Amino acid sequence: MNQGSPSASNPNLPAPVSPVPNSTPKPTQTGTPSEAVPAPAPAVNQPTQPADKVLEQIKKMSIHEKVGQLVVVGMDGLTNNDQTTQLISEYHVGGFIFFKVNLKDTPQALALFNSLKSTNESVTGIPLMLSVDEEGGRVSRLPDELKKLPTNAAIGKINNSEFSREIGATLGKELKSFGLNMDFAPVLDVFSNPNNTVIGDRSFGNQADVVSRLGVATMQGIESAQVVAVVKHFPGHGDTAVDSHLGLPVVNHDLTHLRQLELVPFASAINNGADAVMVAHLLMPKLDADHPASFSKAVITDLLRKEMGFNGVVFTDDMTMGAITQNYDIGQAAVESVLAGGDIVLVGHSFDQQVQVIQALRSAVSNGTIPESVLNASVTRILKLKEKYHLSNSKCEEPDIKGLNANLSALLGKYQK
């Protein structure tokens, strides 16, 4: 149920962006109906409206190709293997997420990314999302040759928006130098529960205005490198005592509380053009007693899309986390996420579970549970995002690790005293 805009109860929250009407005003008719109106002269060299490349592309895609775009997967090992090749060629996945165990050092990581791009290029013209959780601090996936960035908590203590923006730009440049194009960052959770170890120093702090300002600056810095920033963990993972990697946290706040605290940074990010949001595995009984946020229509469609005006790409958190696997069927949860208004299901581990999710989505489309109009709407948002950030299958040369480290050292020296 739509409870009204966030700004209705909190003047600090931006109002949702009103959609622009699609209709064009009709010209005013002059003269009387009996007057003959001469036909207009034919236009000379009148330019034709360019076709929408994404819509033209979607028309040529099979159902299986469309479904694949709804899934981003993890992988086992350090090299492009039979399973990753199958995920690309047979299941048409939209992208990959990499963890620390996949990235041993710079040459290996670069070879892996370039190899996946080559395989994908031989199958489709649609580039892959190649992503990591690179937040700074303890959540870092890139090879250890790179100098480590400070935690968000440390950045929050400095509390300088320009520093945050430059940290974000550094994150973006590092990912871009490896050929990666998406970062599941920044964390926009307000750290309001001291017992919350899963968020802890990953948050910019316990004040919504600080998290908003520094989080948005970091997001914009990442985007400045033409890397997609996926803000997380909507609608706020800051006041939990259960780690959703292990179990399902329950958050008993109502919308009034959420609008005043947890939603503030997300509203600010949306108001500043956020392109992608990750939704957390949280059960919020006062919004939806039956579904976690990651596949709740009340949370994704009613709150995030309608009330807060977000029109971008919605990701689930990793569906192989304990919050889901211990409580739900992963395939059914994936289907319900799409029906709830989500776009991309993240399946970080287990080839069998990845195939299970894709098969469940394919079946749901073929039997009409997921209408093709819903599928097409998600694929359109996904391909528009890939187009906006110029994703490609182009291979990368080895990054300048020394230069990247020198730039980070100079940045930290400028702000850290």
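The shown structure was predicted, so the numbers you read here are calculated from the model rather than taken from an experiment. Note: hydrogens, waters and symmetry copies are ignored here, and every other heavy atom, side chains too, is used.
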Steps toward salt bridge (Lys or Arg N to Asp or Glu O under 4.0 Å) verdict (Glu166, Lys173): CA-CA 10 Å; Glu166 291 189 54; Lys173 288 173 185 173; over 6 Å; no
Trace of the side chain to side chain donor-acceptor pair (under 3.5 Å) decision for Arg141 with Asn102: CA-CA 9 Å; Arg141 314 301 192 203; Asn102 302 126; over 6 Å; no
Stepwise salt bridge (Lys or Arg N to Asp or Glu O under 4.0 Å) check, Glu174 with Lys147: CA-CA 10 Å; Glu174 290 183 352; Lys147 182 179 177 69; over 6 Å; no
Side chain to side chain contact (heavy atoms under 4.5 Å, CB included) assessment of Thr106 paired with Glu398: CA-CA 8 Å; Thr106 296; Glu398 188 157 340; 4.0 Å; yes
Verdict with supporting geometry, Leu146 and Leu404, side chain to side chain contact (heavy atoms under 4.5 Å, CB included): CA-CA 8 Å; Leu146 283 165; Leu404 290 168; 3.9 Å; yes
Salt bridge (Lys or Arg N to Asp or Glu O under 4.0 Å) between Asp52 and Lys384, intermediate numbers included: CA-CA 10 Å; Asp52 187 311; Lys384 290 280 189 184; 2.7 Å; yes
Verdict with supporting geometry, Leu375 and Ile63, side chain to side chain contact (heavy atoms under 4.5 Å, CB included): CA-CA 9 Å; Leu375 174 65; Ile63 293 296; 4.2 Å; yes
Residues Lys59, Glu56; criterion salt bridge (Lys or Arg N to Asp or Glu O under 4.0 Å); working and verdict: CA-CA 5 Å; Lys59 290 178 184 177; Glu56 291 299 314; 3.3 Å; yes
From CA spacing to verdict: ring-ring contact (aromatic ring centres under 6.0 Å, His included), Phe310, Phe266: CA-CA 10 Å; Phe310 180 67; Phe266 292 100; 9.9 Å; no
Worked check of side chain to side chain donor-acceptor pair (under 3.5 Å) between Ser378 and Asp343: CA-CA 5 Å; Ser378 283; Asp343 297 306; 2.7 Å; yes
Verdict with reasoning, Leu171 to Leu149, per side chain to side chain contact (heavy atoms under 4.5 Å, CB included): CA-CA 9 Å; Leu171 285 167; Leu149 279 79; 3.8 Å; yes
Derivation of the side chain to side chain donor-acceptor pair (under 3.5 Å) call for Thr124 and Glu65: CA-CA 9 Å; Thr124 176; Glu65 287 171 331; 5.6 Å; no
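For the residue pair Thr119/Asn80, the side-chain donor-acceptor check at 3.5 Å is satisfied. In this model, a donor atom of one side chain and an acceptor atom of the other lie less than 3.5 Å apart for Thr369 and Asn367. Under the 3.5 Å distance criterion, with hydrogens and angles disregarded, a donor-acceptor pair is assigned to the side chains of His291 and Glu336. If you check the side chains of Asn81 and Thr79, you find no donor sitting under 3.5 Å from an acceptor. Side-chain contact, Lys66 with Asn376: a donor N or O sits under 3.5 Å from an acceptor N or O. Counting only N and O atoms by type, the side chains of Lys148 and Ser140 include a donor and acceptor under 3.5 Å apart. A donor-acceptor contact closer than 3.5 angstrom is absent between the side chains of Thr85 and Asp82. Between His257 and Asp254, the side chains place no donor N or O within less than 3.5 Å of an acceptor N or O (distance only, hydrogens not considered). Side-chain contact check for Asp189 and His233: at least one donor-acceptor pair (N or O, by modelled atom type) lies under 3.5 Å.
Taking a 6.0 Å sphere around NZ of Lys104, one finds it holds 12 or fewer heavy atoms contributed by other residues, nucleotides or ligands. The neighbour count for Lys117 NZ, taken as heavy atoms of other residues, nucleotides or ligands under 6.0 Å away, is above 12.
Rounded to the nearest 0.5 Å, atoms OG1 (Thr84) and CG (Leu116) are 5.5 Å apart. Atom CE in Met129 sits 13.5 Å away from atom CG in Leu180 (nearest 0.5 Å). The distance from atom CD1 of Ile270 to atom CG of Asn311, rounded to the nearest 0.5 Å, is 9.0 Å. Atom CD in Gln353 sits 6.5 Å away from atom CD in Gln356 (nearest 0.5 Å). Separation of atoms CZ (Arg213) and OG (Ser164) is listed at 8.0 Å; rounding is to 0.5 Å.
In this structure, Asn114 contributes its side chain and Lys395 its backbone to no donor-acceptor pair below 3.5 Å. A distance-only check finds no donor-acceptor pair linking the side chain of Ser337 to the backbone of Ala334 [under 3.5 Å]. Side-chain atoms of Ser224 do not come within 3.5 Å of backbone N or O of Ala169 as any donor-acceptor pair. Thr316 places a side-chain N or O within 3.5 Å of a backbone atom of Leu346 that can act as its donor or acceptor partner. Of the possible donor and acceptor atoms, one in the side chain of Thr218 sits under 3.5 Å from a partner among the backbone N and O of Leu214. Arg305 places a side-chain N or O within donor-acceptor distance of the main-chain N or O of Gly312, the cut-off being under 3.5 Å. Between the Asn272 side chain and the Ser268 main chain, a donor and an acceptor come within less than 3.5 Å of each other. A distance-only check finds a donor-acceptor pair linking the side chain of Asn327 to the backbone of Ala323 [under 3.5 Å]. The main-chain N or O of Leu142 is found under 3.5 Å from a side-chain atom of Lys100 such that the two form a donor-acceptor pair. Between the side chain of Lys232 and the backbone N or O of Phe184 there is at least one donor-acceptor pair closer than 3.5 Å.
Side-chain atoms of Glu307 and Asp302, non-hydrogen and from C-beta on, never get closer than 4.5 Å to each other. Two residues are said to be in side-chain contact when any heavy atoms from C-beta on lie closer than 4.5 Å; Arg138 and Thr151 fail this criterion. Annotation: side chain of Glu262 is in contact with side chain of Ser192 (closest heavy-atom distance under 4.5 Å). Side-chain contact check for Pro186 versus Glu135: every heavy-atom pair is 4.5 Å or farther apart. Looking at heavy atoms from C-beta onward, Met75 lies in side-chain contact with Leu112 at the 4.5 angstrom threshold. Side-chain contact between Lys388 and Asp275 is present, with heavy atoms from C-beta onward closer than 4.5 Å. The closest side-chain heavy-atom distance from Tyr91 to Arg362 is below 4.5 Å. Put simply, the side chain of Phe295 does not reach to within 4.5 Å of the side chain of Val335, judged on heavy atoms.
Taking the six-membered ring where tryptophan is involved, the planes of Phe113 and Phe98 are tilted, since the angle between them lies from 30° to 60°.
If you look at Phe99 and His349, their ring centroids are closer than 6.0 Å.
Residue pairs that meet the ring-ring contact (aromatic ring centres under 6.0 Å, His included) test with at least one member in residues 396-417, sequence neighbours left out, are Phe163-Tyr415.
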